[in-house]
Engineer: 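Sending over a structure as structure tokens; questions will come in a sec.
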Amino acid sequence: MPRLSEVIAALENLWPAERAESWDAVGTVAGEPDQEVTRVLFAVDPVREIVDEAVKLDADLLVTHHPLYLRGTTTVAASTFKGRVVHTLIKNDIALHVAHTNADTADPGVSDALAGALDLRVVRPLVPDATDPEGRRGLGRVCELDRPLTVRELAARAAGRLPATAQGIRVAGDPDALVRTVAVSGGSGDSLFDHVRAAGVDAFLTADLRHHPVSEFVADRAQSPLALLDAAHWATEWPWCELAAAQLDEISDRHGWGLRVHVSRTVTDPWTAHAASTATTDTSGAPN
């Protein structure tokens, strides 16, 4: 069986740490380099439920998309929930490795997995990585549909293909407008609006869209009449776990490692319920 250092080297080859954003915290968080690895679990979030799942699975390595400590810390005390995660990992000899923005821009990366889940054909990166001479790496993806759909139909496809969450899919724009080209970006995407406009697509599917950026974006629809589709952050990034697991499976087969690679299906989206609005359209008593 491979040592942790060998598996980490393979993961770093897929998602080099130097390609992460300067503010990011990627790489190995816990783990002995010489420990043997037989079972690996992929997940989006390094939260207690996922770590407990790794313990039950008898995993030696947990790979997550989101960092455990993004802004640093002064304590790993078990009285804090992140400290408890660290203690549980170390007590059970489970290593933790993070691939975040370096996985977002990879080829293939998070947005390729999102496009694949929606049965979209990737055309090019939305924001190309200037250091990639082949023009395949970068943030987000510009895609084509297999056939034109209305915005309503595209939203229904996303709701049916992505993991179920309390939020589902929110839409800004004409539900009956036809869509032939789509930009997608796993995770928070409203910082990419200028790139989406420049791409000339009919719709943009991402997550964490905020009121004011969306309001300003749709107000300018005369110049850029595209639709926005807002999915849950966790749901847009979970397909990457399956892609990443398949990549490690292929590496394991090539090296004869015999790793057992798993993908967590535990829903770690923080929203747990949704109540549809039932009020009338009379807003005379609404607050300013």
Engineer: If we check salt bridge (Lys or Arg N to Asp or Glu O under 4.0 Å) with Arg141, which of these qualifies: Asp104, Asp112, Asp107?
Structural biologist: Asp112

Engineer: With a 4.5 Å cut-off on side-chain heavy atoms, are Leu4 and Asp34 touching?
Structural biologist: no

Engineer: By the definition side-chain contact (heavy atoms from CB on, under 4.5 Å), identify the one residue from Val63, Asp253, Leu11 that meets it with Leu248.
Structural biologist: Leu11

Engineer: For Ala232, is there any backbone N or O sitting under 3.5 Å from a side-chain donor or acceptor partner on Arg170?
Structural biologist: no

Engineer: Is there a side-chain hydrogen bond (donor to acceptor under 3.5 Å, both in side chains) between Glu216 and His212 once you walk through the steps?
Structural biologist: CA-CA 6 Å; Glu216 293 169 6; His212 291 294; 5.4 Å; no

Engineer: Hey, is the main chain of Ala17 close enough, under 3.5 Å, to the side chain of Glu12 for a donor-acceptor pair?
Structural biologist: yes

Engineer: State the CG-CG distance between Leu205 and Asp230, to the nearest 0.5 angstrom.
Structural biologist: 8.5 Å

Engineer: I need the minimum non-hydrogen distance between Val196 and Ala183, along with the two atoms involved.
Structural biologist: CG2-CB, 4.4 Å

Engineer: Step by step, work out the side-chain contact (heavy atoms from CB on, under 4.5 Å) result for Val47 and Val85.
Structural biologist: CA-CA 7 Å; Val47 293; Val85 165; 5.9 Å; no

Engineer: As a quick check of understanding, evaluate side-chain contact (heavy atoms from CB on, under 4.5 Å) for Val29 and Val98, giving each step before the final call.
Structural biologist: CA-CA 7 Å; Val29 179; Val98 174; 3.9 Å; yes

Engineer: Can a donor-acceptor pair be found, under 3.5 Å and without considering hydrogens, that links the side chain of Asp24 to the backbone of Thr101?
Structural biologist: yes

Engineer: Does any part of the side chain of Phe42, heavy atoms only, come nearer than 4.5 Å to the side chain of Thr64, both counted from C-beta?
Structural biologist: no

Engineer: Any chance you could measure Thr28, atom OG1, to Ile8, atom CD1, to the nearest 0.5 Å?
Structural biologist: 3.5 Å

Engineer: Might you work through the side-chain hydrogen bond (donor to acceptor under 3.5 Å, both in side chains) test for Thr150 and Asp176, ending with a clear yes or no?
Structural biologist: CA-CA 5 Å; Thr150 65; Asp176 296 317; 5.4 Å; no

Engineer: Under 30°, 30 to 60°, or over 60°: which ring-plane class applies to His100 and His66, parallel, tilted or perpendicular?
Structural biologist: perpendicular

Engineer: State whether the number of non-hydrogen atoms from other residues, nucleotides or ligands found under 6.0 Å of Glu134 atom CD is greater than 12.
Structural biologist: no

Engineer: Linking I/L/V/M/F/W/Y whenever their side-chain heavy atoms sit closer than 4.5 Å, directly or via other members, would Val37 and Leu41 fall into one cluster?
Structural biologist: no

Engineer: Is any side-chain heavy atom of Arg39 closer than 4.5 Å to a side-chain heavy atom of Leu57?
Structural biologist: yes

Engineer: Ignoring hydrogens, what is the shortest heavy-atom contact between Ile169 and Ala231? Give both atom names and the distance.
Structural biologist: CD1-CB, 3.5 Å

Engineer: Holding to side-chain hydrogen bond (donor to acceptor under 3.5 Å, both in side chains), I want the full list of residues that pass it with Arg84, two or more places apart in sequence or in another chain.
Structural biologist: none

Engineer: When rounded to the nearest 0.5 angstrom, what is the spacing between CG in Leu149 and CG in Leu178?
Structural biologist: 8.5 Å

Engineer: Checking side-chain contact (heavy atoms from CB on, under 4.5 Å) for the pair Asp202/Val182: CA distance, chi angles, key distance, verdict?
Structural biologist: CA-CA 6 Å; Asp202 302 313; Val182 187; over 6 Å; no

Engineer: Under a plain distance cut-off of 3.5 Å, with no hydrogens placed, do Ser264 and Glu53 share a side-chain donor-acceptor pair?
Structural biologist: yes

Engineer: Do Leu139 and Pro125 have side chains that approach each other closer than 4.5 Å (heavy atoms only, starting at C-beta)?
Structural biologist: no

Engineer: Please tell me whether Val184 and Leu192 are part of a single hydrophobic cluster in this structure, the criterion being side-chain heavy atoms less than 4.5 Å apart.
Structural biologist: no

Engineer: Stepwise, does the side-chain hydrogen bond (donor to acceptor under 3.5 Å, both in side chains) test hold for Glu49 with Thr266?
Structural biologist: CA-CA 8 Å; Glu49 301 96 311; Thr266 300; over 6 Å; no

Engineer: Does Leu243 belong to the same Ile/Leu/Val/Met/Phe/Trp/Tyr cluster as Leu120, with side-chain heavy atoms less than 4.5 Å apart forming each link?
Structural biologist: no

Engineer: I'd like to check Trp240 versus Ser111 (side-chain heavy atoms, cut-off strictly below 4.5 Å). Are they in contact?
Structural biologist: no

Engineer: Are Arg137 and Thr131 close enough that a side-chain donor and a side-chain acceptor fall under 3.5 Å?
Structural biologist: yes

Engineer: How are the rings of Trp234 and Trp238 set relative to one another: parallel (under 30°), tilted (30 to 60°) or perpendicular (over 60°)?
Structural biologist: tilted

Engineer: Hey, quick one: are Val179 and Phe193 part of the same hydrophobic cluster, counting side-chain heavy atoms closer than 4.5 Å, chains of contacts allowed?
Structural biologist: no

Engineer: To the nearest 0.5 Å, what is the distance between CG on Leu61 and CG on Leu259?
Structural biologist: 9.0 Å

Engineer: Indicate yes or no: at least one non-hydrogen side-chain atom of Asp119 is less than 4.5 angstrom from one of Arg161.
Structural biologist: yes

Engineer: Measure the SG-CG distance between Cys143 and Leu114 for me, rounded to the nearest 0.5 Å.
Structural biologist: 8.0 Å

Engineer: Check this for me: Glu32, atom CD, are more than 12 non-hydrogen atoms of other residues, nucleotides or ligands nearer than 6.0 Å?
Structural biologist: no

Engineer: Please check if the side chain of His87 supplies one atom and the backbone of Val76 the other of a donor-acceptor pair under 3.5 Å.
Structural biologist: yes

Engineer: Would the number of heavy atoms belonging to other residues, nucleotides or ligands and lying under 6.0 Å from CZ of Arg48 be above 12?
Structural biologist: yes

Engineer: List the atom of Thr206, the atom of Thr236, and the distance in Å for their closest heavy-atom pair.
Structural biologist: O-CG2, 4.1 Å

Engineer: So which atom in Ala20 and which in Val26 form the shortest heavy-atom distance, rounded to 0.1 Å?
Structural biologist: CB-CG2, 3.8 Å

Engineer: Assess the side chains of Thr105 and Asp129: does a donor N or O sit below 3.5 Å from an acceptor N or O?
Structural biologist: no

Engineer: Test side-chain contact (heavy atoms from CB on, under 4.5 Å) on Ile251 and Leu14 and set out the steps.
Structural biologist: CA-CA 10 Å; Ile251 292 170; Leu14 292 174; 4.0 Å; yes

Engineer: Flag yes if more than 12 heavy atoms outside Arg260 fall under 6.0 Å of its CZ atom; otherwise flag no.
Structural biologist: yes

Engineer: Does some side-chain heavy atom of Lys82 sit less than 4.5 Å from a side-chain heavy atom of Leu68?
Structural biologist: yes

Engineer: Work out which heavy atom in Trp23 is nearest to a heavy atom in Leu70; give both atom names and the distance.
Structural biologist: O-CD1, 3.9 Å

Engineer: Can you find a heavy atom in the side chain of Leu145 that is under 4.5 Å from one in the side chain of Leu154?
Structural biologist: yes

Engineer: Let me confirm one number: the CG-CG distance from Asp93 to Asp60, rounded to the nearest 0.5 Å.
Structural biologist: 8.5 Å

Engineer: Any salt bridge between Arg157 and Asp146, counting N to O under 4.0 Å?
Structural biologist: yes

Engineer: Does atom CZ of Arg210 have more than 12 heavy-atom neighbours from other groups under 6.0 Å away?
Structural biologist: no

Engineer: Might you work through the side-chain hydrogen bond (donor to acceptor under 3.5 Å, both in side chains) test for Asp269 and Thr165, ending with a clear yes or no?
Structural biologist: CA-CA 7 Å; Asp269 185 77; Thr165 61; 5.1 Å; no

Engineer: With hydrophobic residues grouped by side-chain heavy-atom distances under 4.5 Å, do Leu118 and Leu229 end up in a single group?
Structural biologist: yes

Engineer: Taking all heavy atoms of Ser188 and all of Asp208, pick out the closest pair and write down the distance.
Structural biologist: OG-OD2, 2.5 Å

